[in-house]
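All heavy atoms count here, side chains included; hydrogens, waters and symmetry mates do not. Quick note on labels: first sequence line is chain A, next is B, and so on, each numbered from 1.
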There are 2 protein chains.
Amino acid sequence: MITFSEENYLKAIYHHSKDYPNGVSTNAIAKSMCTKASSVTDMLKKLSEKKLVNYKKYQGVLLTKQGEKKAVNLIRRHRLWEVFLLEKLNFTWDEVHEVAEELEHIKSEKLINELDRLLDFPKKDPHGDPIPDKDGNFTKDIKVLLSTLNEKETGICVGVNDTSTDFLKYLNKQNIAIGKHITVVEKEVFDGSILIKIEDNQFYISHQIAKNLFLQLQ
Amino acid sequence: MITFSEENYLKAIYHHSKDYPNGVSTNAIAKSMCTKASSVTDMLKKLSEKKLVNYKKYQGVLLTKQGEKKAVNLIRRHRLWEVFLLEKLNFTWDEVHEVAEELEHIKSEKLINELDRLLDFPKKDPHGDPIPDKDGNFTKDIKVLLSTLNEKETGICVGVNDTSTDFLKYLNKQNIAIGKHITVVEKEVFDGSILIKIEDNQFYISHQIAKNLFLQLQ
DNA sequence: ATAAGTTTTTAGTCTTATCTAAAAATAAAA
DNA sequence: TTTTATTTTTAGATAAGACTAAAAACTTAT
Ligand SMILES: [Mn+2]
Ligand SMILES: [Mn+2]
Ligand SMILES: [Mn+2]
Ligand SMILES: [Mn+2]
């Protein structure tokens, strides 16, 4: 039996391993989970015992095949619940994450596969992230940060890099959402802010915003 | 913050207090929760600290107003999830309880009130038990055990006293379900078994079965 | 009323998941 | 290549929840 805590660690390691493919550091995990490095070390030993991670002292950690399978399945559950909350229970996209953090740990395969069916096998969650199918397969399409676009380029908003409530609420207010076409009109060199155009509206966004928005190039 | 474990104890005390209105015994709680009396004592002290129960050593325990409110809300959540699993996710009535035991602990008022709406504000769960509304109100209708009926009497099946998988599977097999009309044809004095009639089928059920089926008299 | 039996509580231990503080290993600078 | 700084691990403590064994309190029965 795997505990809530173990599952959360596997998920965090999975996400970090995209950026650090030859070993995720103890500190990185601690920071993203709002815990202490010593707690992480303890957990890594336990996960290693259970053959869910490959871990050697001071060398960083990576998921085993088995660990990755569990992490991907957890992400599947999380994202399906997010879709459910948005589509069926009238939650907004900035509200879904918090509750999905709890729901994702419910242990029932039938539950999650039936939920998948109820939602008509969605491919993306409310933040534009792909939902793995029951075998763990999912397509990750090419997306780039808005901050990397040049002037005159256009893309479709496909996801966010930051899913914090504050950020999502800001996007709601500015009418920025998944599926919207965004054109870079002008880039301000001084502070990195960008003048963008969405549906005939032009306004400035800060660099901080631009580097948390994913676009698919046209 | 209330923990999963604390919630489970409150629920157990709530259910027992119907039978022991002047104090639920430590042993009764231990037995129904498959734990030990000493563990129960520890928890009663903690719940007492939190003003969720009135507890004095050796005197049994009862819920405070506040504790009862929490227990009833937990039961609301449990039963709404059971309806959801049956109606939306194709679970059978013998499968719903186990998963609902986990789902009931998810903490979000919006979640549960929206779920209530999605299900069209159901009044009964799959086992015939009443679902409290968001203010904790529910009607408990008069129901009697099949074992207490006399020969020739008829009633509508409205609930079960035992929700174990084994029992519910037996009922499925015998085509006994909520809403069915059941007539007592003959009562066998020797072993307490009863010959019943459901939709033109007659067959014997044991006394053990009869004392776990609730009927509403016609 | 006393003894025997039952229930409940206490005392002490274990596991899981945290934390702080200090030691050890690694990485960066001088 | 030493010294310094940073990262990581160990050691020891704490809190929640559960357990066993034994003591204490209540109930029955003689
Ligand atoms: Mn999320
Ligand atoms: Mn998401
Ligand atoms: Mn149930
Ligand atoms: Mn039920």
Side-chain angles (χ1 to χ4, degrees), chain A residues 1-13 16-17 19-63 67 70-71 74 101-102 104-107, chain B residues 1-13 16-17 19-63 67 70-71 74 101-102 104-107:
Chain A
M1 244 291 291
I2 191 165
T3 66
F4 284 22
S5 193
E6 288 169 342
E7 286 192 326
N8 286 333
Y9 275 95
L10 291 180
K11 187 169 60 167
I13 296 165
H16 283 297
S17 64
D19 298 316
Y20 302 95
N22 26 353
V24 177
S25 77
T26 304
N27 256 356
I29 298 168
K31 201 160 296 172
S32 69
M33 295 188 71
C34 295
T35 182
K36 297 295 148 83
S38 55
S39 306
V40 175
T41 303
D42 283 350
M43 184 55 87
L44 294 183
K45 285 177 186 165
K46 200 189 316 173
L47 293 174
S48 187
E49 275 293 313
K50 293 194 175 188
K51 307 250 188 267
L52 296 173
V53 299
N54 288 317
Y55 164 69
K56 279 211 203 81
K57 276 192 195 181
Y58 298 101
Q59 305 268 119
V61 68
L62 283 176
L63 298 175
K70 288 201 192 297
L74 182 63
E101 280 296 307
E102 293 189 48
E104 67 186 9
H105 299 291
I106 306 290
K107 276 153 193 73
Chain B
M1 245 290 291
I2 192 166
T3 66
F4 284 22
S5 192
E6 288 168 343
E7 286 192 325
N8 285 333
Y9 275 95
L10 291 179
K11 187 169 63 165
I13 296 166
H16 283 298
S17 64
D19 296 319
Y20 301 95
N22 27 351
V24 177
S25 77
T26 303
N27 255 355
I29 298 168
K31 200 160 297 172
S32 68
M33 295 188 71
C34 295
T35 182
K36 295 296 147 82
S38 54
S39 306
V40 175
T41 302
D42 284 348
M43 184 55 87
L44 294 184
K45 285 176 186 165
K46 199 190 316 174
L47 293 174
S48 187
E49 275 294 311
K50 293 196 175 186
K51 306 249 186 269
L52 295 172
V53 301
N54 287 316
Y55 164 68
K56 281 210 204 84
K57 275 190 194 182
Y58 297 102
Q59 306 268 119
V61 68
L62 283 176
L63 297 175
K70 288 203 192 296
L74 182 63
E101 281 295 307
E102 294 189 49
E104 67 185 8
H105 299 291
I106 307 291
K107 276 155 194 73

> Rounded to whole Å, please give me the gap between NZ in B:Lys36 and P in D:dC19.
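Distance check: B:Lys36 NZ to D:dC19 P gives 6 Å.
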
> In terms of heavy-atom contacts, does OH of B:Tyr20 have more than 12 from other residues, nucleotides or ligands at under 6.0 Å?
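Atom OH in B:Tyr20 is not packed in, count stays at 12 or less.
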
> With a 4.0 Å cut-off on N to O distance, would you call B:Glu6 and B:Lys70 a salt bridge?
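So B:Glu6 does not pair with B:Lys70 through a salt bridge.
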
> Any side-chain N or O of B:Thr26 below 4.0 angstrom from OP1/OP2 of C:dT7?
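No, because none of the side-chain N or O atoms of B:Thr26 sits under 4.0 Å from OP1 or OP2 of C:dT7.
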
> What's the closest nucleotide to the side chain of B:Tyr55 if the choices are C:dT9, D:dT8, D:dC19?
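Nearest to the side-chain atoms of B:Tyr55, counting from C-beta on, is C:dT9.
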
> Between A:Tyr58 and A:Ser5, which is nearer to the 5' end of DNA chain C once each is assigned its nearest nucleotide?
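So the residue in question is A:Ser5.
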
> For C:dT9, does either OP1 or OP2 sit under 4.0 Å from a side-chain N or O belonging to B:Thr41?
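Yes, such a contact exists.
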
> From C-beta outward on A:Ser38, which listed nucleotide comes closest to its side chain: C:dT20, C:dT9, D:dT8?
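The closest nucleotide is C:dT20.
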
> Rounding to a whole Å, what distance do you find between B:Lys50:NZ and D:dA15:P?
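About 14 Å, once rounded to whole Å.
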
> Return the nearest nucleotide to the side chain of A:Thr35; candidates are D:dA18, D:dT8, C:dT18.
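Nearest listed nucleotide: C:dT18.
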
> Quick check: on DNA chain D, is the nucleotide nearest B:Tyr9 upstream (toward 5') of the one nearest A:Leu44, or the reverse? Name the residue that is more 5'.
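Going by which nucleotide is closer to the 5' end, it is A:Leu44.
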
> Whole Å only: how far is the CG atom of A:Leu47 from the P atom of C:dT16?
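Nearest whole value for this atom pair: 12 Å.
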
> Classify the angle between the aromatic ring planes of B:His105 and B:Phe4 as parallel (below 30°), tilted (30 to 60°) or perpendicular (above 60°).
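Taking B:Phe4 first and then B:His105, their aromatic rings lie parallel (interplane angle under 30°).
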
> Applying the side chain to side chain contact (heavy atoms under 4.5 Å, CB included) criterion to A:Ile13, which one of A:Leu62, A:Leu52, A:Leu44 satisfies it?
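Answer after filtering A:Leu62, A:Leu52, A:Leu44: A:Leu44.
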
> Is a donor on one side and an acceptor on the other found under 3.5 Å between the side chain of A:Glu102 and the backbone of B:Lys107?
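Yes; at least one donor-acceptor contact below 3.5 Å.
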
> Could you state the CD1-P distance from A:Ile2 to C:dT16, rounded to the nearest angstrom?
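That distance rounds to 14 Å.
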
> Nearest whole angstrom, please: distance from the C1' of D:dA16 to the CE of B:Met43.
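To the nearest whole Å, that distance equals 8 Å.
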
> Using a heavy-atom cut-off of 4.0 Å across all strands, would you classify A:Lys45 as base, sugar-phosphate, or nothing?
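Sugar-phosphate: the residue A:Lys45, judged by heavy atoms under 4.0 Å, touches backbone atoms but no base.
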
> Both A:Phe4 and A:Lys57 contact DNA chain C. Taking the nearest nucleotide for each, which residue is further toward the 5' end?
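Here A:Phe4 is the residue nearer the 5' end.
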
> What nucleotide, of C:dT18, D:dT7, D:dC19, holds the atom closest to the side chain of A:Asn27?
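When the side chain of A:Asn27 is considered, D:dT7 is the closest of C:dT18, D:dT7, D:dC19.
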
> Rounded to whole Å, how long is the line connecting atom CE of A:Met33 with atom P of C:dC19?
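Rounding to the nearest Å, CE of A:Met33 and P of C:dC19 are 10 Å apart.
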
> Whole Å only: how far is the CE atom of A:Met1 from the P atom of C:dT16?
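My rounded result for the distance is 11 Å.
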
> D:dT14 P sits how many Å from A:Asp42 CG, rounded?
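These atoms are roughly 17 Å apart.
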
